[in-house]
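Below: the structure, in structure tokens.
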Amino acid sequence: MLRMLRQIVRIGTITERLATSDAYERLGRELEDAVKKRFAGSLAIRQVDAGSCNGCELEIHAANNPYYDIERFGVHFTASPRFADMLLVTGPVSVNMKTALEMTYEATPDPKLVVAVGDCAEHCGVFGRENYAIAGCVSDIIPVDVVVHGCPPTPSDIIRGILAAIDRMP
Amino acid sequence: MRHLANTWFAERLGDSGIRTIYLADHHPAHMPCLEIMRLDWLRAAEQARRLEMRFVAVWAAGAGCHDQDRGARHGLYAYMAFAHPEHCHALLRTPLADENPSLPSIAGEFVAASRMERHMADMFGITIEAAPDARPWIRHEHWPRGAHPLRDDFDGKNPMPPCPCSGDYDFVRSASSGVYEIPVGPVHAGIIEPGHFRFLAVGEQILNMEERLGYVHKGIERAMQGRDAASGAKLAARISGDSAVAHAWAFAQASEYAAGIKPPRRASLIRGILCERERMANHIGDIGAICNDAAFAFMHMQMQRLREDMARLHQEIFGHRLLFDTIVPGGVTVDLGEAQLARLERQTRAIAAEVEHLRSIYADHPSIQERVIGSGVVSVDDARDIGLLGFAGRASGNYPDARIEEAYPPYDELKVHVAEGKSGDVATRVWVRFEEIADSARLIGEMVERMPDGPIAAEWTPPEPGVSGFAAIEGWRGEIAAWVRFGEKGLIDRYFVRDPSVINWLGLELAVREVPVPDFPLNNKSFNCSYSGNDL
Ligand code: SF4
């Protein structure tokens, strides 16, 4: 126990200021004030891998590490879409995941936001649209509010994209 | 690199009356491809079993250019690969009938073949005779009837139209009223890939857990066809993002063997450094995550910090946090200056030292030890039966390591230490991972020291049409087996790859029998198999 405490003290707090990013894009939909207010304090996210290579998942994990500590912005990941305010979707949507993605979207209560993370989510990436196993990019299947570019996007880009979706920049 | 033809397997097969024809358009010669008669398929597998060879993979491919030149009557071939600790890998192939192709199952000899045979049945419409499990695997219920994506006549360019479901997947069930089913997934609770687990449980104990995968099937094998080698390497790096280096290396090395190109020494050493860094980063991340699943958040935070430090240096030096697109056929894309080599070496050493320190805290922490010791055991015999790979195999008394068996450069001049575990529980899998972090760090130090001057890539010239190559690369999860064949204009006409997860997923099913349901996540993480690498 003592050694754990010593380690914690030795490393200290390493959380950094969030880097700026231009790797995301807000799509059309203007947010209603009510939504902004409602999500401003805390935002629950359900992550859905709709067919990713798992590279994007590694960077979403990293957004939770002590350097980026996404939770300090009141953002946390939840285990069920039923408690979620936002879906964070990665990957090209595979034919075999399409139904699960649609069902997850349906199961998420309104109002809800969708952030598409990564080049695959945005435009099917290296796997391509001309592919029997790919149903489309995320916005082909469900409405998307923000897309974050990158293969995979960096943790800062992902956090910026999430905050852009709720219109709340630090 | 050994250039001697490896005739060991051909001779052994000959002894038992199985005639083999050596295929000269397959490389490298030390991992030969032998053609046998379809009649001998099962007997050859039996023979491999008797010779204590390890089953590597079974797959199918259409006829290549050469096969067509030979005026082959056959449009389809089945392949299987085995490895022997001393005699390296050997491939066998046999022609299949054009009409209603069929092949006897070898799953009776090698259990792990079953899912690969199901994959062949789904992709090519090959009937597997006497298959112990004839359910579809990658093919989900809503696929159109008769859709076999790797057949030439299949339209690979347009998304398959959704069709009414053709019934439900036939999960293993229990007739007993005391057993209840817990379906989990495909969308899981954490930030992980999708797949379905079906538990049969009695009270808290798991009686049986069955995996249903294929959700992230992205048509990778088909998407490889018609690409040039450079674009193939990009796709290979994204077969499983956490193994971007190892997969790109497997693809590149198979292609180089086919083309008869030898990457410069400097390139091989840089590849080695990349691969060992990838191994360290993933083991570090996973150890943290395993501890987190046992509510030991301290370790998780510390390990994530170290992993992030590694990612940042990768960004600075290689231009990518996860080392994507650093390996191309012929060599690597990034050269390392003296200063960069020194920084890599210094950080590697510092991280290994920190991990050792954290390891002592982990070892002294009774609440985590309670959870990991004795949980999720895969016995030595079971591990041998399924051919468990990588660190999971090494935790269960099975020590296959392509870095030693094939000793491809740069490992031909390095000595890899194998962590020899036996107990096969979560604690041992964690122990092997700790050992491997230390060994990778040592190897990186040696590679930095040995780094010669010279170019970082040989010029890539594709092989003539019809030539194939095979490679086995030890990624952090275990051996990745890759087979590539080129067609006209230097374009890929077939790529088959077997991620270690295809086999190791079976290990998880075995491990969690009699484990309490709440300990499942911990066990799952201790294997951390790739869904994407399995589903392709
Ligand atoms: S964007 Fe890149 S990292 Fe993300 S899922 Fe696609 S290929 Fe993988």
Side-chain angles (χ1 to χ4, degrees), chain A residues 1 3-4 7-8 11 14 45-68 77-81 88 90-92 94-101 103-104 107 120 124-136 140 151-152 154-155, chain B residues 138 140 142-143 147 149 154-160 162 185-194 214-220 222-223 231 234-235 237-242 244 285 289 298 301-302 304-305 307-309 311-312 315 321-322 324 357-358 360-361 364-365 530-533 535:
Chain A
M1 197 63 200
R3 291 165 66 203
M4 262 168 70
Q7 173 83 0
I8 291 169
I11 301 298
I14 55 175
I45 300 182
R46 173 69 272 223
Q47 196 264 332
V48 185
D49 172 345
S52 105
C53 77
N54 79 29
C56 280
E57 275 60 37
L58 287 175
E59 293 300 51
I60 296 173
H61 267 293
N64 283 293
N65 80 28
Y67 282 101
Y68 304 101
F77 288 83
T78 165
S80 164
L88 197 62
T90 61
S94 71
V95 164
N96 287 355
M97 268 305 283
K98 179 169 173 275
T99 310
L101 176 62
M103 286 171 70
T104 309
C120 288
C124 300
V126 288
F127 304 103
R129 273 174 190 282
E130 295 189 349
N131 183 327
Y132 71 92
I134 306 291
D140 292 334
C151 178
T154 64
Chain B
I138 297 300
H140 281 197
H142 55 80
W143 284 27
F154 177 83
D155 170 18
K157 296 263 180 242
N158 288 302
M160 289 186 295
V187 180
H188 291 306
I191 303 170
I192 44 170
E193 300 178 76
Y215 289 91
V216 286
H217 174 64
K218 291 185 277 294
I220 288 174
R222 183 86 191 208
S231 146
K234 274 213 151 71
L235 182 55
R238 289 157 179 82
I239 287 170
S240 182
D242 51 20
F298 161 82
M301 285 299 151
Q302 296 292 333
Q304 298 314 311
R305 170 177 69 85
R307 183 173 186 150
E308 177 68 19
D309 289 340
R312 289 182 174 198
Q315 175 68 41
R321 288 167 49 89
L322 304 176
F324 281 25
H357 176 63
L358 292 169
S360 66
I361 295 178
D364 271 358
H365 205 73
S530 171
Y531 299 69
S532 185
D535 298 352

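Per chain, numbering begins at 1; letters A, B, ... match sequence-line order.
- Taking the side chain as every heavy atom from C-beta outward, W143(B) and P149(B) approach each other to under 4.5 Å.
- For a residue to count as touching a neighbouring chain, one of its non-hydrogen atoms must lie under 4.5 Å from one of that chain's; by this rule P152(A) touches chain B with backbone and side chain alike.
- Checked against ring pair (Phe, Tyr, Trp, His ring centres under 6.0 Å), Y215(B) has the following partners two or more places apart in sequence or in another chain: H140(B).
- Looking at S360(B), the atoms closer than 4.5 Å to chain A (heavy atoms on both sides) sit in the backbone and in the side chain alike.
- In terms of heavy-atom pairs under 4.5 angstrom with chain A, the leader among I220(B), I192(B), D309(B) is D309(B).
- With contacts defined as side-chain heavy-atom distances shorter than 4.5 Å, the pair P159(B)/Y132(A) does not qualify.
- Counting all heavy atoms, side chain and backbone alike, C124(A) lies closest to G136(A) at SG-C, 3.6 Å.
- Heavy atoms closer than 4.5 Å to chain B are found in the backbone of R129(A), but not in its side chain.
- For chain A, the option among H188(B), E308(B), M301(B), M160(B) with the highest count of heavy-atom pairs below 4.5 Å is E308(B).
- Considering only residues two or more places apart in sequence or on other chains, N158(B) meets the side-chain contact (heavy atoms from CB on, under 4.5 Å) condition with D155(B).
- Side-chain contact check for S80(A) versus R46(A): every heavy-atom pair is 4.5 Å or farther apart.
- Counting heavy-atom pairs closer than 4.5 Å to chain A, the top residue among P194(B), G285(B), G533(B) is P194(B).
- When heavy atoms are compared at a cutoff of 4.5 Å, S52(A) approaches chain B solely by way of its backbone atoms N, CA, C and O.
- When G214(B), G219(B), G185(B) are compared by the number of non-hydrogen pairs under 4.5 Å with chain A, G219(B) comes out ahead.
- Most heavy-atom pairs under 4.5 Å with chain B: of the set C53(A), G55(A), A133(A), A50(A), this distinction falls to C53(A).
- Annotation: side chain of I60(A) is in contact with side chain of Q47(A) (closest heavy-atom distance under 4.5 Å).
- Proximity to chain A (any heavy atom under 4.5 Å) is restricted, for F154(B), to the side chain, taken from C-beta onward.
- Going from atom CG of L88(A) over to atom SG of C56(A) covers 9.0 Å, rounded to the nearest 0.5 Å.
- For chain B, the nearby parts of C151(A) are the backbone and the side chain; heavy atoms of each come within less than 4.5 Å.
- Neither the backbone nor the side chain of Q315(B) comes within contact range of chain A; no heavy atoms are under 4.5 Å apart.
- For chain A, the nearby parts of I361(B) are the backbone and the side chain; heavy atoms of each come within less than 4.5 Å.
- Ranked by heavy-atom pairs under 4.5 Å with chain B, the list D49(A), T78(A), V126(A) is led by D49(A).
- Using a 3.5 Å distance cut-off with no hydrogens or angles, the side chains of N54(A) and S240(B) do pair a donor with an acceptor.
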Apply side-chain contact (heavy atoms from CB on, under 4.5 Å) to M97(A) and V187(B), showing your working. CA-CA 9 Å; M97(A) 268 305 283; V187(B) 180; 4.0 Å; yes
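- Rounded to the nearest 0.5 Å, atoms CZ (F77(A)) and NE2 (H61(A)) are 9.0 Å apart.
- Of the atoms belonging to L58(A), it is side-chain heavy atoms, and not backbone ones, that fall under 4.5 Å from chain B.
- The heavy-atom pair separating A63(A) from Y68(A) by the smallest distance is O-CB, 3.6 Å.
- Looking at K218(B) and D535(B), no side-chain N of the basic residue comes within less than 4.0 Å of a carboxylate O on the acidic one, giving no salt bridge.
- Here N96(A) is the residue among N96(A), T99(A), T154(A) with the most heavy-atom pairs under 4.5 Å with chain B.
- Only the side chain of R321(B) has a heavy atom closer than 4.5 Å to any heavy atom of chain A.
- Using a 4.5 Å cut-off between heavy atoms, H365(B) contacts chain A through its side chain alone, with no backbone atom that close.
- In this structure, chain B has no heavy atom under 4.5 Å from any part of T90(A).
- Ranked by heavy-atom pairs shorter than 4.5 Å toward chain A, the options H357(B), K234(B), R305(B), Q304(B) are led by R305(B).
- Note on R307(B), E193(B), R222(B): by heavy-atom pairs under 4.5 Å with chain A, the leading option is E193(B).
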